[in-house]
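Below is one structure; the comments refer to it alone.
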Amino acid sequence: MWIAITREVSPAMARCELSFVAREPIDIARAADQHRDYMHALETLGCRVVTLSVQRDLPDSVFVEDVAIVIDELAVMTRPGAESRRPEVASVAAALKKFRPLATIEAPGTIDGGDVMRMGRAFYVGESARSNASGIAQLRALVAPHGYTVQGVPTRGCLHLKSAVTQLSDDTVLLQPDWVDREPFADYRIIDIDPAEPHAANVVRVDDGLLMPASFPRTRERLLGAGFKVISVDVSELQKAEGAVTCCSLLLREGKDHNAG
Ligand code: GLY
C-alpha cells in the first residue's frame with residue numbers, strides 16, 4: 001500500500017514560478033477540480049491519499065514533490081532551487097516526520113524533488129537550474145549509507161529531470177530525447193514519447209499502474225501498446241503552472257512508520 005501526500009491548490013497559483021512555459025491565465029476553480037480528479041486517480045491506483053491544508057500565499061505549494069525525497073529509510077527535506085518555494089518545506093516536513101526520520105539539504109545546496117528519479121537503489125538527479133552540485137553531493141552522502149547510488153544527469157530545455165524521463169516499471173523508463181541523453185539510462189528499456197507531445201515524459205507509476213495527463217494521447221497509445229495500464233487525467237490548468245503529474249504528490253510505502261512523534 002502507498003501513501004500519497006498531496007496539497008490543495010493555492011488560490012495564488014497564478015503567481016507561480018515559470019521557467020520554460022509562457023504565462024497564461026489559470027482558472028483556479030478548474031485547477032482545484034482537476035486536482036481532485038488527480039487524487040481520485042491515485043486512489044484508483046491503490047494509494048491512500050493524505051491531503052495537506054492549503055497554503056494560500058505559496059503559489060507553487062500544490063507541487064509537493066519538490067520539497068522532499070522519500071525512501072523507505074528516511075525523508076530528505078530539500079532546499080528548493082527557487083527561493084519563493086523554500087517556505088513550502090516546513091509543513092511537509094511536519095507531515096512526513098510521522099512516517100520517516102528526516103534529513104535536510106543545507107545551503108548552499110539546492111535540489112528540487114522533481115529532479116530526482118529513482119530506479120531501485122539508483123538515484124538520477126537532474127543537473128538543472130534548480131538542483132546544484134552541492135545539493136546532489138549532500139543527497140549522495142545521506143542515502144549512500146542505505147545502499148543507494150546517486151548520479152547527476154544534465155538536462156536541457158526543461159524544468160526538471162522528471163520533465164524528461166520517468167519510471168514506467170522496474171526496468172523501463174519513458175524518455176524525451178530532446179531534453180536528456182539516453183546514455184545514463186542505457187541499462188533500462190527506453191520508450192520514447194511521441195515527438196508531437198514534447199511534455200509527455202512525466203508519468204506517475206504506482207506498482208503496475210500509470211497516471212498521465214489526458215493531453216498526451218499518442219504517448220498513451222504507445223504505453224498501452226507496450227502493455228501498461230494507464231489512467232489519464234485532465235490537468236491542463238496545473239500544466240499552465242509548469243506542473244506535471246509527479247509534482248503533485250509524494251509517494252511513500254505504508255508500513256514504514258517512524259515513531260519519532
Ligand atoms: N511552477 C513550478 C515551479 O516552477 O516550481
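In each ligand, atom 1 is the first atom listed, and ligand 1 is the first ligand listed.
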Tell me, which pairs form a side chain to side chain donor-acceptor pair (under 3.5 Å) where one or both residues lie in residues 144-153, sequence neighbours left out?
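Non-adjacent pairs meeting side chain to side chain donor-acceptor pair (under 3.5 Å): Glu73-Tyr148.
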Pairwise, report which nitrogen or oxygen atoms of ligand 1 are under 3.5 angstrom from protein nitrogen or oxygen atoms, and how far apart they are.
from: ligand 1; atom 1: 1 (N); to: Glu17; atom 2: O; distance (Å): 2.7
from: ligand 1; atom 1: 1 (N); to: Asp60; atom 2: OD1; distance (Å): 2.6
from: ligand 1; atom 1: 1 (N); to: Ala241; atom 2: O; distance (Å): 2.7
from: ligand 1; atom 1: 4 (O); to: Glu17; atom 2: O; distance (Å): 3.3
from: ligand 1; atom 1: 4 (O); to: Arg130; atom 2: NH2; distance (Å): 2.7
from: ligand 1; atom 1: 5 (O); to: Arg85; atom 2: NH1; distance (Å): 2.7
from: ligand 1; atom 1: 5 (O); to: Arg130; atom 2: NH1; distance (Å): 2.9

Carboxylate-amine/guanidinium contact [X] [Y], below 4.0 Å:
| X | Y | value |
| --- | --- | --- |
| Arg30 | Asp33 | no |
| Asp27 | Lys240 | no |
| Glu221 | Arg218 | no |
| Asp112 | Lys162 | no |

Without hydrogens or angle criteria, can the side chains of Ser10 and Gln55 be said to hold a donor-acceptor pair below 3.5 Å?
no
